[in-house]
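Written out below as structure tokens is the structure these notes cover.
Sequence lines set the chain letters: A, B, ... in the order given, protein chains first and strands last, and positions in each chain run from 1.
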2 protein chains.
Amino acid sequence: MSNDENIYRQMLKAIVEHQLPPGARLPEDRLSEAFGVSRTGIRKVLQRLALEHFVVIEKNKGAQVNHPSEAEALEVLDSRILIEPQLIPALLGYWNAEHSERFRTMAKEEKYAEEGNQLADSIQLTARFHYELATLAGNKVLANFVQQLCYRSSLILAAYGTRGSVGCDCGDHSELLDLLDQGHTDKAQHWMSHHLRHIKSSLILDSKPEENIDFQRLFAR
Amino acid sequence: MSNDENIYRQMLKAIVEHQLPPGARLPEDRLSEAFGVSRTGIRKVLQRLALEHFVVIEKNKGAQVNHPSEAEALEVLDSRILIEPQLIPALLGYWNAEHSERFRTMAKEEKYAEEGNQLADSIQLTARFHYELATLAGNKVLANFVQQLCYRSSLILAAYGTRGSVGCDCGDHSELLDLLDQGHTDKAQHWMSHHLRHIKSSLILDSKPEENIDFQRLFAR
DNA sequence: AATGAATTGATTGTGCACAATATTGGTGTG
DNA sequence: CACACCAATATTGTGCACAATCAATTCATT
């Protein structure tokens, strides 16, 4: 694996696992000495992360971990609600016992990680479950997009999640696997939709003013 | 607008308008003197275009305009087929006479451009119609993705399109606007789906070996 | 004491130079 | 003549230095 790619993954991992909280500044000097490369390589990685909305770069002010706006948070979840259930029919065309086995293992590990309060593992496994499922539908373009949305969801949960819950409390992912094993397309789609809506509605949107506070309106006489 | 952004747009424009054909090499030196900036700025733009799949960068070999594989072409169209019709319900929630007016103008310009064989304008307007419609659905995350898919579709048509047709021959976009004006959600969704499937099926997939040409087989005696 | 200007320090933006790598054409040898 | 090896050229990869910009503190003035 190329060196850039390596740095990229480490930073992405740190962000989605909530090691680097939303809003954390990311000075190029510090990072360059941490990874032992020059600023050139760091900038490349930061620009990529910025395009994927994991960091934001302000001109002449540098990069910081993106703190998603409420609107962005809702839109990411809505995107998943629109796409992921739609992938189930294609997915079921390929579904077999081997896949079932693999995902059940993953769901178990995820459950243990959550029960054991292993935040990082729990986050990774929750995201992986969703985007590996998406990958099985056979469309790489969509699968990559879903993967990004899943990682962005992790970041969103860092900002707006109920502390302790990094994903879904409503039962666990094995319920979906049961439906897939039984070939219940409609029910599986419905489950997925409900599942994502549940996550969306569990976000704590306390309407912090965020950016661009409108003082005109706030202090209108 | 920042200088980088300006260069980015010019290059993207050149690619989607088929000025730079799929497979064209993009040497950094040449570009840097063309735009009057150093290679640093060019590399930044090229890396962004690579992430968005408009160019491909091979390590130590530089960048060239992406020549989408058949699989990629089909996946991009399938993605649009899955997403765009689903945006119609949300879209209709905001639809009004003003929008209708704007899009009808656009559809007319598009028609003239196509009849006048103004390839570049025709391509731009076709793409814009779709992604501005997507924007109206109110989800920026999805709208941006659709926009990318539309531009990638332009590139795909450069590689696999029937010469002369850069979009849709099955009637034109004003048909959709009629359905939207009448508030026929189902019919509008169906039209969009049909429209995109038509474009997909019009691709000429002649199974060119593409990359990694198997000369063994090609010149087998 | 409060306000505004100026200086300092830290950080990012950009160009340039050199190192690393791939490709092409040539050269020598079996 | 065929083959392998080597050299030359062109192009990309990476680090570094300097310029530009921003934030904060200090200083001067009223």
From CG of Asn60(B) across to P of dA19(C) the rounded distance in Å is 16 Å

Write out all pairs satisfying salt bridge (charged side-chain N to carboxylate O under 4.0 Å, His left out) with one or both partners inside residues 45-55 of chain B, taking only residues at least two apart or from two chains. Glu5(B)-Arg48(B), Arg48(B)-Glu52(B)

Whole-Å distance, Ile57(A) CD1 to dT11(C) P, equals 16 Å

With Gln86(A) via side-chain hydrogen bond (donor to acceptor under 3.5 Å, both in side chains) - residues at least two apart: none

Heavy atom of residues 26-37 of chain B under 4.0 Å from DNA chain C: which residues? none

Under 4.0 Å from OP1 or OP2 of dA10(D): is there any side-chain N or O of Lys61(B) that close? no

Establish, with yes or no, whether the OP1 or OP2 oxygen of dG15(C) is under 4.0 angstrom from a side-chain nitrogen or oxygen of Ser38(B). yes

Under 3.5 Å, side-chain donor or acceptor atoms of residues 21-32 of chain A against the rest of the protein: list the pairs with distances, not counting sequence neighbours.
{"unit_1": "Arg25(A)", "atom_1": "NH2", "unit_2": "Lys61(A)", "atom_2": "O", "d": "2.9"}
{"unit_1": "Glu28(A)", "atom_1": "OE1", "unit_2": "Arg39(A)", "atom_2": "NE", "d": "2.9"}
{"unit_1": "Glu28(A)", "atom_1": "OE1", "unit_2": "Arg39(A)", "atom_2": "NH2", "d": "3.0"}
{"unit_1": "Glu28(A)", "atom_1": "OE1", "unit_2": "Arg43(A)", "atom_2": "NE", "d": "3.3"}
{"unit_1": "Glu28(A)", "atom_1": "OE2", "unit_2": "Arg43(A)", "atom_2": "NE", "d": "3.1"}
{"unit_1": "Ser32(A)", "atom_1": "OG", "unit_2": "Asp29(A)", "atom_2": "O", "d": "2.8"}

State whether the side chain of Asp121(B) and the backbone N or O of Ala113(B) hold a donor-acceptor pair below 3.5 Å, judged by distance alone. no

Between C1' of dT21(D) and NZ of Lys59(A), the distance in whole Å: 10 Å

Just how far, in rounded Å, is P of dT12(C) from CD of Gln47(A)? 12 Å

note: Gln64(B), atom CD; dT12(D), atom P; distance rounded to Å ~ 11 Å

Considering heavy-atom distances to DNA chain D, does Arg39(A) or Asp4(A) have its closest nucleotide positioned more toward the 5' end? Asp4(A)

Going by salt bridge (charged side-chain N to carboxylate O under 4.0 Å, His left out), name the residues that satisfy it together with Glu72(A), two or more places apart in sequence or in a different chain. Arg152(A)

May I have the distance from Glu58(B) (atom CD) to dT11(D) (atom P), rounded to whole angstrom? 16 Å

According to side-chain hydrogen bond (donor to acceptor under 3.5 Å, both in side chains), who are the partners of Asn144(A), at least two apart in sequence or on a separate chain? none

